[in-house]
Amino acid sequence: MKRYWKLISTVIIIVLVVGAFYIQSSMATNKYPEFVLEKKSGDAKIAQQLTLKGDYSSGYDIVLGGNSVDITTDGSTFSGERSFFERIKGINRDPEINRLQQDYRNFMRGKGEDPVLFTENKSILAYANIKSEFHDGYQRTDFSFDMQVLEKEKNDKTSVTAAVPKSELYNFIYVEAVYIAGGEVKVVTNNRVDNNGEPEGAEMHLYSFDLDTKKIVGNQTIIAGSEPQVSNQWLDIRVLSGYEDLVSNNENIAFVKNVVAEDMESNQSQTMEQHLVVYNLETNQKEKLDLPEELQQGYNVDSIHGTTIYFSKIVDDQLEITSYDIESKQIEKKQTFALPKTKGTMEGENNLLINIKDDKAYIVSSYQEKMNAITVADLNSGEIVYEGTIGMKDKSNDREDYQLYIHELVVDGESRYND
Amino acid sequence: MKRFLKLVNFEWNRFLKIYIALIAITILSQIIGVIVLSKSYLHMASRMINEQGFTEASFLESYGEMSFRNITGSLWFLGPIALCIAGLIFYAFFIWYRDWLGKNTFIYRLLMIPTARINVYLAKATSLFLMVLGLISLQLILLPIESEILQLMIPNGFRTDMSITEIIVSFNYLSILYPNTVIDFILYYGTGFMAVLVLFTAILFERSYRLKGILFGAIYIVLAICVFLLPFLIELLLGVVFLYPIELLILEIVLGLVVIAMSIWVSHYLLRKKIRV
């Protein structure tokens with residue numbers, strides 16, 4: 001035993017030093033700040049449905065800076081605080097995707113984790129994406145659909161592949177939404193048109209698939225435009241999401257095309273030339289909306305819920321939310337709410353995260369130095385029903401200088417991102 | 001088991017002199033480095049402020065504060081680390097080849113010991129692994145000491161203090177050596193141990209078949225890599241991602257164990273049947 005002393009002492013030192021290091025660093029996770037959603041006024045029950053996801057950055061803090069964090073009324077969880085296995089699983093994913101992966105593990109295998117590619121109803125779960133070939137290493141060609149549909153009861157999977165019609169016209173195609181309606185799977189895509197050197201064009205297409213024949217039975221170009229020639233302007237063309245769940249139950253979907261002009265100095269963007277097209281998924285009819293004069297400029301279109309389209313606009317220090325009914329073609333309501341107090345370098349709409357759900361508007365000041373504020377307003381009554389801020393749970397432990405950038409607001413499982 | 005421990009102890013003691021030399025060089029170079037760099041910073045500060053007319057504030061604005069980052073980037077700090085890495089890589093080969101040197105080759109006696117010959121292989125691997133762990137422990141001990149020296153030498157307004165975790169996180173090489181969690185540590189160093197075993201097997205191929213053996217050894221290394229990276233190779237060929245992350249992790253652990261078992265088995269065979277003294 002005496003001859004082994006050098007070896008034994010080395011092993012002991014290694015165990016002690018490495019052990020002490022990891023014990024100390026696991027205790028140091030208590031150094032993570034604890035944020036909490038605090039109520040200033042209003043109904044506390046509303047706040048309990050909220051989870052705010054953000055990025056924490058602090059010039060002084062190298063370890064914690066660059067961490068993402070989830071904040072609720074109970075407290076906060078930093079990505080660094082999660083266990084090894086939680087991080088391997090990837091907790092930042094959409095909660096709907098998590099649920100689908102749990103319930104339909106084999107079907108979801110190998111598919112991207114973007115919720116827009118999926119849709120489901122009581123009996124089926126559908127997935128659609130675009131595949132392409134690489135030509136010359138940089139150009140994409142031969143666009144085709146990769147679609148898979150799972151019949152939940154029988155656990156029966158059907159695959160559909162089909163070439164995108166007139167694929168040679170396009171530079172790039174991506175899926176914006178998938179719906180099930182009228183016995184068909186409908187895929188909304190944003191097709192970037194190759195104009196041979198001219199500014200790129202964009203077409204929003206809706207392709208309908210018949211699951212029995214496995215063929216494309218419909219192809220409509222809903223709305224199209226091209227990138228403006230002016231340097232500080234860009235084309236905004238997309239499908240409006242009602243931010244409903246993955247479950248297909250919307251009858252009407254809306255497409256928007258507008259030109260956004262960005263003022264380089266103030267970082268403000270202004271919507272010009274707003275065009276909206278509504279499409280009924282059951283009847284397959286599309287209709288261009290003739291918006292009243294006032295909604296055509298300066299209003300940000302937000303979302304569509306049922307037959308109501310919501311617009312938002314910042315006027316002075318207030319947020320104006322306008323609801324427009326597509327059936328009556330009238331402006332239904334205009335509500336104005338005081339903006340959450342902001343203190344930071346980014347003012348205006350770029351700083352706000354708005355989520356409209358169940359007739360309530362959830363407004364978060366997104367990019368903030370120490371004072372992210374949340375306002376929840378009832379769109380029926382026009383009243384503010386909740387106001388709150390994000391603060392430290394332990395007031396005495398106030399950190400020096402940090403910024404929280406809230407990029408996502410989840411209301412009871414349904415996310416909304418800051419674009 | 002007792003034979004195995006005796007062999008480990010034997011291999012350990014053989015290398016001890018050089019090992020202690022590496023440790024001494026590391027300690028001296030890094031500590032002297034901290035002192036030298038701190039002094040030169042203070043020198044520059046005093047020159048700028050007293051001779052060149054900078055105020056304290058403007059000096060700090062132009063030249064910045066001194067922090068441990070200035071140390072980790074310097075040759076005083078990195079030099080010994082590079083030296084130790086090179087030394088250990090060299091010894092990974094030499095730990096075997098030294099036994100074939102000279103007239104009365106020692107390997108003859110090693111292989112004649114009344115014990116399974118695989119213990120020789122395992123003992124060499126274990127002692128090399130312990131050497132690696134010993135050096136990283138040394139660095140962990142040195143970091144707080146060096147940090148303290150820095151704090152003693154540089155006055156308050158001129159320095160930024162960093163905790164050990166911050167130092168490690170902010171520097172690429174250190175964050176590889178000291179991963180974030182214990183589980184990561186076990187996985188990384190376990191993979192390292194597997195790599196050592198694969199290398200040793202290749203060396204044994206060379207010692208068994210000489211010239212042809214180099215080829216066999218190279219083929220074995222490629223084979224081991226392919227087995228270990230099998231899921232990634234399949235994904236590359238088929239172009240499809242098939243496994244959920246946690247499944248991939250479990251599969252990789254299993255494959256790692258397979259490669260370890262494979263290496264031990266092949267080496268055992270070579271040591272018993274094919275080795276040439």
Side-chain angles (χ1 to χ4, degrees), chain A residues 1-29 31 58-67 79-91 93 97-98 101-102 105-106 108-113 131 133-134 146, chain B residues 5-6 8-13 15-16 19-20 23 67 69 126-127 129-144 160-171 178-187 189 235 238-250:
Chain A
M1 196 44 90
K2 263 210 314 217
R3 296 183 301 161
Y4 291 92
W5 72 270
K6 292 182 198 140
L7 184 60
I8 293 181
S9 54
T10 310
V11 173
I12 292 180
I13 292 178
I14 292 174
V15 170
L16 285 179
V17 170
V18 175
F21 172 68
Y22 279 108
I23 293 177
Q24 174 256 356
S25 85
S26 75
M27 303 223 286
T29 55
K31 286 209 208 133
S58 163
Y60 293 99
D61 216 322
I62 306 170
V63 178
L64 297 184
N67 240 281
S79 56
E81 286 179 296
R82 304 213 182 246
S83 78
F84 177 80
F85 291 104
E86 280 182 321
R87 269 182 284 155
I88 289 268
K89 274 206 299 195
I91 21 70
R93 264 190 260 119
I97 296 286
N98 273 335
Q101 287 187 339
Q102 253 184 323
R105 196 167 175 84
N106 276 326
M108 296 295 289
R109 199 176 275 284
K111 297 192 171 51
E113 291 180 349
K131 279 203 162 113
E133 300 292 326
F134 259 111
D146 173 24
Chain B
L5 287 177
K6 275 191 176 168
V8 174
N9 192 40
F10 168 70
E11 290 291 347
W12 180 257
N13 283 325
F15 188 61
L16 205 50
Y19 195 58
I20 294 194
I23 292 179
S67 78
R69 274 220 202 88
T126 306
S127 61
F129 193 58
L130 284 177
M131 292 172 202
V132 171
L133 290 181
L135 287 178
I136 65 158
S137 304
L138 173 69
Q139 185 66 81
L140 270 183
I141 297 175
L142 283 178
L143 280 177
T160 312
D161 288 332
M162 295 167 73
S163 74
I164 302 299
T165 321
E166 285 175 334
I167 295 173
I168 291 177
V169 161
S170 70
F171 192 48
Y178 305 105
N180 265 330
T181 67
V182 181
I183 301 185
D184 284 315
F185 184 87
I186 295 176
L187 289 176
Y189 284 90
E235 275 181 18
L238 293 184
V240 179
V241 176
F242 238 167
L243 293 171
Y244 287 109
I246 192 139
E247 294 172 347
L248 185 63
L249 176 67
I250 296 178

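Chain letters run A, B, ... following the sequence lines, proteins first, then strands; residues in each count from 1. Not measured: the values here are computed from a predicted model. Side chains are part of it too, since the values below use all heavy atoms of this structure and drop only hydrogens, waters and symmetry mates.
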query: Is the number of heavy atoms from other residues, nucleotides or ligands within 6.0 Å of NZ (K131(A)) greater than 12?
result: no

Bottom line for I20(B): the part with an atom under 4.5 Å from chain A's heavy atoms is neither

dist L138(B):CG -> I13(A):CD1 (nearest 0.5 Å) comes out at 9.5 Å

Output for pair (Y22(A) OH, I186(B) CD1), nearest 0.5 Å, gives 9.5 Å

Could you tell me whether the side chain of L130(B) reaches within less than 4.5 Å of the side chain of T10(A), counting heavy atoms only?
no

Turns out that what part of P179(B) lies under 4.5 Å from chain A's heavy atoms comes down to both

With chain A, the option among L140(B), L16(B), I136(B), I246(B) that has the most non-hydrogen atom pairs under 4.5 Å is L140(B)

Here the pair of heavy atoms bringing R109(A) nearest to Y244(B) is N-OH, 3.4 Å

Whatever's closer than 4.5 Å to a heavy atom in chain A on E247(B) counts as side chain

Closest non-hydrogen atoms of G134(B) and I14(A), given as atom of the first, atom of the second and distance, are N-CD1, 3.5 Å

### Side chain to side chain, F21(A) and I168(B), heavy atoms closer than 4.5 Å
yes

